[in-house]
Each structure stands twice: as structure tokens, then as C-alpha cells.
Protein chains: 2
Amino acid sequence: MFIRVDSSNGVPVYEQIVRQVKFAIADGVVAAGDLLPSVRELARELAINPNTVARAYRDLQSQELVELASGIGLSVRGGAKRECQTQRRQLLQARVGQVLEEAFRSGLDAAAVRRLVDAELTRLEKQFMGNGNHE
Amino acid sequence: MFIRVDSSNGVPVYEQIVRQVKFAIADGVVAAGDLLPSVRELARELAINPNTVARAYRDLQSQELVELASGIGLSVRGGAKRECQTQRRQLLQARVGQVLEEAFRSGLDAAAVRRLVDAELTRLEKQFMGNGNHE
DNA sequence: ACTACCGTACTAGTGCGATAGTACACATTT
DNA sequence: AAATGTGTACTATCGCACTAGTACGGTAGT
């Protein structure tokens, strides 16, 4: 699967899994009715403990994004895609707000912030040129 | 002092202290030669353990931003202000880059990102209207 | 000298994320 | 019926950030 975790960045691994599964749902990489990779399979793939994956899946289930197909696995629920897209958009907006607020606190004014954003934007445009992203 | 910590956001408290002391130095709130608040005083103020503050101060000392005035306290070193300003600028630029990259990955194009940034920017401008910040 | 304050060092205990191993109920496949 | 694979539950253990309390050497004020 498309999931990658980094155990050294402070963010709990199970949260990283939850986040990336949500992104996969939002992107349509897994559609409604599709099964998530099994707990043991994903654990083997990521070289982590099955309990950690199970913890992430439990969270996804309690958020009603995914439902138990008993004996089969966990399947993506109907409204999950739109919900994940909404959550992703809200998360992004919040992070943009945080960073801009930090920029203000650093003494930059709106014009300086705009310059900084534009500089990073053109840098990233070169990097992402001509591909439909979704690593 | 001007420091505020949040023990429930995952970031170690001592790192929050290091970060905010650096910001205070960058902003000139504490100038070269000034003493930092004592370990015990800051610990009492933040309602945390003195060891946690001591840990933060040890980091600042090993980064040569602050030096031991034996028996007196820790004083801000000469080049610290410029160094902290540089670090803060680099940190900010990196965070802007991260967020914009995440925006690209969410499927937004450069124009959409610019719209999102502008929206947050005008929202924050209202909030910060007519004050020299530094909460 | 005495007291008070400074940073530092040390040990012990707590909370939480993660690991490790086992057991269980369920469904599919053979 | 048996084997395999699914998610789940449970206990034990480990590491790390943090708390808690104490002790020590250095400096200033009296």
C-alpha cells in the first residue's frame, strides 16, 4: 500500500496511519466498499506491530469511516470519501492559518508574507511540474 | 515572562521552552547580557517541574545562545539575537514550504493555494489590526 | 560566617506509545 | 471438518518524556 510511517518524528505511528488512510480515501485510492489491507499484512509491510495497526483501524471504525465486514476485513463506508475530503480541507486551512499567524508574530507584514509564499510556491511548482501528484 | 506551554499538544515541554526563549531573544525581549528567568522561577510560573526548565536551559547552553554566569544565572550571549532571528526565519520558511507542499498533494493548484492563503491572510490582518504583536 | 539564590546532577516513579505473544469469534476455502 | 485469514481483546514489557525530591558547588548580600 501507499502508506509510509516515520517512527522518529514524534507523531504516534497509529495517528500517521489514520491520517494516511483518510488521505487515501479522500483521493479515491480506496473507494467505498473496498477493503483496507489486513492488520497483519499492513503491519508486516510497515515493519511494525499488528497492535499498532489495529489501534489505527479501531479509530477509523469509531469515526464511522470504515465498517467491520466480520471475518473479512474492514471496508470503506459510503459517505467516507466526502467526509475525508472535508476533513483534509479543514486540516489544511487550519495549518495555513497557523503558519501565517506565526509569520505575523515573527514581525512580517502581509506583503512580506505574500512574498515568502510566492517564493515557496514557484519553487514547488518547478518541483511538481507536469505530474498529477499523489506520490 | 512571556512564555506559555501546552503539555497536551505532543511537543515536549522543554522544546517549547527552548523555542519560545529563542523567539524572545530574536524579538529583543531579552537582550545580550540579560539574564533568563531562573530555573525555579520559570518552573513555578509555568507550574511545571524545575528539571524540565533545566533541561531546556541546558539545550540553549549547548547551542551557545546563552552562557553560564556562575552563581548568577544564564545570560544571553552576544551573537544570539542574530542567530535566533536566522533560525526563526529558516523555521518559518520550512513550515511554509511544508504546508504548501501538502496543499499541492491535496490536489490544489497554485491558483487555489494562492486563494486559500489570501483568504487566511485577510482574516488574520483583521485580527492583528493596529498592534505591534508579540502577545 | 551565614543565608539565599543561582545552575547542575542524581535517583526513583509515572504515563503513554509501541512491542510481543497469546487467545478468541467469525467467515471463507478446501 | 479442517485450515486459513479476518478483526479484536488481553497482559506483560520496554523506552522516553516528564515529574518529584534531594543534594551539591558557586556567587551575592548581610
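Throughout, a chain's letter reflects where its sequence line sits, starting with A, and its residues are numbered from 1. Since this is a predicted model, take the numbers as computed values, not measurements.
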**Message:** Can you confirm whether more than 12 heavy atoms, excluding those of A/Arg89, are under 6.0 Å from its CZ atom?
**Reply:** no

**Message:** Base, sugar-phosphate or nothing for B/Leu35? Non-hydrogen atoms, less than 4.0 Å.
**Reply:** nothing

**Asked** For DNA chain C, whose closest nucleotide is more 5', that of A/Tyr14 or that of B/Val39?
**Response** B/Val39

**Request:** Give the rounded distance in Å between these two atoms: CD of A/Gln61 and C1' of D/dT6.
**Result:** 12 Å

**Message:** Hydrogens and angles aside, do B/Gln61 and B/Glu67 bring a side-chain donor and acceptor to less than 3.5 Å of each other?
**Reply:** no

**Message:** Counting primed atoms plus P, OP1 and OP2 as sugar-phosphate and everything else as base, spell out the protein contacts along nucleotides 25-30 of chain D at 4.0 Å heavy-atom distance: B, S or - for each nucleotide, 5' to 3'.
**Reply:** -BSS--

**Prompt:** Are B/Val76 and B/Leu36 side-chain neighbours, meaning at least one heavy-atom pair lies under 4.5 Å?
**Reply:** yes

**Request:** Extract, from 5' to 3' on DNA chain C, the first and final nucleotides lying under 4.0 angstrom from some heavy atom of chain A.
**Result:** C/dG17 to C/dT28

**Request:** Grab the CD1-P distance between B/Ile48 and D/dA20 for me, whole Å please.
**Result:** 10 Å

**Prompt:** Does a side chain donor of either B/Glu102 or B/Gln98 reach within less than 3.5 Å of an acceptor in the other side chain?
**Reply:** no

**Message:** Whether the side chain of A/Arg40 and the base of D/dG7 hold a donor-acceptor pair under 3.5 Å is what I'd like checked.
**Reply:** yes

**Asked** Any chance CZ of A/Arg123 has more than 12 other-residue heavy atoms, nucleotides or ligands included, within less than 6.0 Å?
**Response** yes

Contacts table for residues 5-18 of chain A: side-chain donor-acceptor under 3.5 angstrom, sequence neighbours left out:
residue: A/Asp6; atom: OD1; partner: A/Ser8; partner atom: N; Å: 3.0
residue: A/Asp6; atom: OD1; partner: A/Ser8; partner atom: OG; Å: 2.8
residue: A/Asn9; atom: OD1; partner: A/Val11; partner atom: N; Å: 3.1
residue: A/Asn9; atom: OD1; partner: A/Gln16; partner atom: NE2; Å: 3.1
residue: A/Tyr14; atom: OH; partner: A/Arg55; partner atom: NH2; Å: 3.1
residue: A/Gln16; atom: OE1; partner: A/Asp6; partner atom: N; Å: 2.9
residue: A/Gln16; atom: NE2; partner: A/Asp6; partner atom: O; Å: 2.9
residue: A/Gln16; atom: NE2; partner: A/Val11; partner atom: O; Å: 2.8

**Request:** Look up atom CG in B/Leu46 and atom CZ in B/Arg4, then write down how far apart they are to the nearest 0.5 Å.
**Result:** 9.5 Å

**Message:** Rounded to whole Å, please give me the gap between CG in A/Asn51 and C1' in D/dT8.
**Reply:** 10 Å

**Item:** Atom-to-atom span, CG of A/Leu74 to C1' of D/dG5 - whole angstrom
**Value:** 13 Å

**Prompt:** What is the distance from CG of A/Asn9 to C1' of D/dC16, rounded to the nearest Å?
**Reply:** 15 Å

**Item:** Interatomic distance, A/Arg58 CZ vs D/dT6 C1' [rounded to whole Å]
**Value:** 17 Å

**Request:** Compare every heavy atom of B/Lys22 with every heavy atom of B/Cys84, then report the nearest pair and how far apart it is.
**Result:** CB-O, 3.4 Å

**Prompt:** Hey, does the side chain of A/Ser38 come within less than 4.0 Å of D/dT6's phosphate (OP1/OP2), counting only N and O?
**Reply:** yes

**Item:** Side-chain donor/acceptor of B/Asn49 to base of D/dG21, under 3.5 Å
**Value:** no

**Prompt:** Is there a donor-acceptor pair under 3.5 Å between the side chain of B/Asp27 and the backbone N or O of B/Val29?
**Reply:** no

**Prompt:** Whole-Å distance between D/dG21 C1' and B/Arg44 CZ?
**Reply:** 17 Å

**Asked** For the pair made of CZ in B/Arg55 and P in D/dC18, what is the distance, rounded to whole Å?
**Response** 7 Å

